[in-house]
Amino acid sequence: MLIRTHTCGEVRESHVGSTVRLNGWVNSYRDHGDLIFIDLRDRYGLTQLVFDKEEMTKTPAIMEAADKLRNEDVIAVEGTVRVRIGGENPKLATGKVEVVVGTLEVLAKTDNPPFLPEDPTQDGKIKLANEELRLTHRYIDLRRPSMQRILSTRHKIYQVTRKYFDENGFLEIETPILYKSTPEGAREFLVPSRHVSGTFYALPQSPQLFKQILMVSGCDRYMQICRCFRDEDPRADRQAEFTQIDLEMSFVRREQIMTMMEGFVRRLWGEVAGVTVPPMQRMDYRTAMEDYGIDRPDTRYDLKIKDISAFAAKMDFGVFKSVLEKGADRPRFYSKKGVVKAMRVPGGAEKLTRKITDGYTEFVKGFGAGGVAVVKVIKGEDGSPKLDTGIAKFLEPLKAEFLALLGAQVGDTVLFVADAYGVATKAIGELRQKVARDMGMVPKPGAEGGPWNFLWVVDFPMFEKNKETGKWVAMHHPFTSPRDDQMQAFLEASEDDEVTIEGIVSAGYDVVLNGQEIAGGSVRIHDRAVQSKVFKLLGMTPEQAKEKFSFLLEALSFGAPPHAGVAFGLDRLVMNFIGTDNIRDVIAFPKTQIGSDLMTRAPSYVPDVQLKDVHVQSIAPPKA
RNA sequence: GGGGCGGUAGCUCAAUUGGUUAGAGUACCGGACUGUCGAUCCGGUGGUUGCGGGUUCGAGUCCCGUCCGCCUCGCCA
């Protein structure tokens with residue numbers, strides 16, 4: 001075989017006159033009979049090859065072989081670099097030169113490929129094949145230049161991550177993939193044991209407990225780029241199998257680990273995107289929920305939400321009145337109290353047509369809310385603001401107060417959602433994001449010059465009530481510590497003191513980037529008594545806690561240092577750098593919505609003998 | 001588990017809204033061509049319209065079921 005001396009991306013004018021060998025795939029061919037051009041591709045780029053009959057008088061067989069070359073054949077060539085005779089191709093980095101082939105070796109002929117690994121063009125003349133087809137033949141799809149760029153960006157992130165944490169004294173330590181089942185939170189993937197019939201491992205949702213135990217082990221600073229598994233339905237930005245940058249530090253409190261994380265974010269964006277990340281803002285959970293209706297606010301646009309319940313109570317509008325009257329008045333975050341929330345949309349009067357705002361009602365219904373009330377502020381005949389459409393007549397008697405309350409001006413639309421606190425908050429929070437998109441207020445970061453808005457969200461509640469069971473569940477996870485100044489109150493709180501427990505704030509923190517959670521973590525509990533109390537509040541008996549987490553509780557009782565940690569969603573980091581909304585784009589071999597790998601056709605049926613080995617019997621009907 | 005969208009040559013899409021033999025571009029096959037770079041020109045092959053039922057004189061089109069893919073609600077400690 002003609003082993004390559006250069007890649008297809010590096011041949012330049014400086015190579016003119018020299019003999020080179022190239023290996024790669026036929027990207028395209030232009031056959032003029034006795035003159036054939038081939039664009040040869042590898043992951044570094046394209047180089048034009050020329051097969052010229054006049055130069056092949058001694059080896060005419062090469063012309064015949066070149067004539068038969070087709071897209072995606074794999075070849076090796078040896079030839080001479082020269083300046084292009086037909087003029088430069090400015091689209092290619094190698095566009096000033098070409099290689100006149102003297103020797104051709106066909107390394108592999110291809111069958112007619114189901115699609116060609118071409119990136120879509122701006123003009124729409126080249127379109128991507130179906131994702132389904134591309135995933136089935138992912139080996140072809142990954143040849144696309146943009147997929148190669150994604151894989152290399154991902155690689156770069158791995159390298160910067162390891163370098164940063166290595167420089168800061170972190171040890172990279174692998175934790176088991178065959179984990180203990182701890183069925184809190186996400187549904188787990190189970191793996192049956194062959195040695196002990198009837199028992200199962202679970203694949204880790206995260207290496208949470210092992211990394212805490214590494215702290216007890218004196219490892220002091222740990223990191224790992226690890227695969228995590230959650231057997232829940234996926235979304236455009238969620239896969240059952242995903243990658244985290246996982247870490248944990250000993251002898252720190254919240255401030256120290258947040259500083260370490262910010263340093264990482266700054267390094268990563270600096271090295272991968274050439275972006276200087278300013279000091280990150282902080283927002284407490286309560287403010288996020290009140291002003292943005294979500295725990296991961298997108299601060300690239302303003303569109304703040306305002307609770308106008310007190311004002312709305314003065315309106316003679318039946319819908320608002322009945323909402324405000326219904327619902328138990330519970331004091332904190334998950335109050336069932338009826339509220340009226342409003343959002344002023346600057347410039348909305350023109351852009352948000354009746355059709356669009358009608359759509360908003362359908363939209364919020366999806367989140368359990370009844371609908372969206374609308375009012376427009378238009379210019380009256382005397383030039384002063386006038387309320388128009390929707391609920392204008394109900395607002396008219398309180399117009400001045402209303403305009404002042406929301407700072408509404410001519411040209412604005414104000415949208416209202418009235419419902420129980422939790423429903424209204426969620427609905428208008430989601431609506432806020434939709435309105436921002438509809439209004440064209442969401443700039444794309446990176447290439448389009450939009451901002452990278454990083455934000456810490458802190459001071460989450462420790463616990464929330466499960467809507468169905470009415471039991472306490474940990475908002476983050478049950479190993480999260482109360483904030484230091486809350487510890488005393490937490491330990492002293494009686495279990496049935498719901499008001500106090502609901503008000504306990506944790507030492508957790510999330511990193512939010514442009515409305516997306518990219519990392520989350522917390523100071524952990526390192527005191528066995530605190531951990532036991534959390535388990536108890538979550539409804540676990542001491543026996544159950546012991547059965548599930550005895551190793552943790554024991555570890556905590558044998559000298560556990562104060563520690564804290566974080567996990568970054570690596571796939572989402574890549575998505576941000578690449579600018580895609582599709583997580584499958586940034587994973588080499590992703591799965592579909594029902595968890596199948598279209599290329600390998602996993603999952604698959606296995607022979608009964610294999611099941612018998614692991615003491616499992618399938619209750620599913622046999623399938624051909 | 002719920003809601004929505006989609007599946008037509010290898011690929012990307014059409015098919016006058018139920019009406020003749022399901023078309024086009026591209027890919028592929030054959031031919032021509034020495035300066036192309038989306039090469040061009042000429043000719044050709046290629047379809048159980050995802051699958052199974054039903055309605056109808058007649059179904060790619062309507063109905064039911066099913067499979068697959070995507071988006072989404074729930075879910076994701």
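Note that this is a predicted model, so its numbers are computed, not measured. These numbers come from the heavy atoms of this one structure, side chains and all, not from hydrogens, waters or symmetry mates. Numbered from 1 within each chain, the chains take letters A, B, ... in sequence-line order.
Remark: the Arg82(A) side chain and the G35(B) base include a donor-acceptor N/O pair separated by less than 3.5 Å. Contact annotation: side chain of Asn130(A) to base of G69(B), donor-acceptor pair absent below 3.5 Å. A donor-acceptor contact under 3.5 Å links the side chain of Arg84(A) to the base of C37(B). Side-chain to base pairing of Glu98(A) with G35(B): one donor and one acceptor N or O lie within less than 3.5 Å of each other. Side-chain atoms of Arg238(A) come within donor-acceptor range of the base of C76(B), with a qualifying N/O pair under 3.5 Å. If you check distances only, the side chain of Arg134(A) never reaches the base of G69(B) with a donor-acceptor pair under 3.5 Å.
Residue Arg70(A) has its side chain nearest to C28(B) when only U34(B), C28(B), C70(B) are considered. Among the nucleotides C71(B), G1(B), G69(B), the one closest to the side chain of Leu598(A) is G69(B).
Here the two rings, on Phe549(A) and Phe479(A), have centers that are under 6.0 Å apart.
Aromatic stacking is marked for Phe37(A) over U36(B), as both cut-offs hold: 5.5 Å for the centres and 30° for the planes. In this structure, His32(A) does not count as stacked on the base of G35(B) under the 5.5 Å centre distance and 30° plane angle limits.
The cationic group of Lys434(A) does not satisfy the cation-pi geometry with Tyr360(A), failing either the under 6.0 Å distance to the six-membered ring centre or the 45° limit from the ring axis.
Put simply, Arg30(A) has no side-chain N or O that comes within less than 4.0 Å of OP1 or OP2 on U36(B).
For the pair Leu209(A) and Thr175(A), the minimum side-chain heavy-atom distance is 4.5 Å or more.
In this structure, Pro207(A) and Tyr179(A) approach most closely via the heavy-atom pair C-OH, 3.1 Å.
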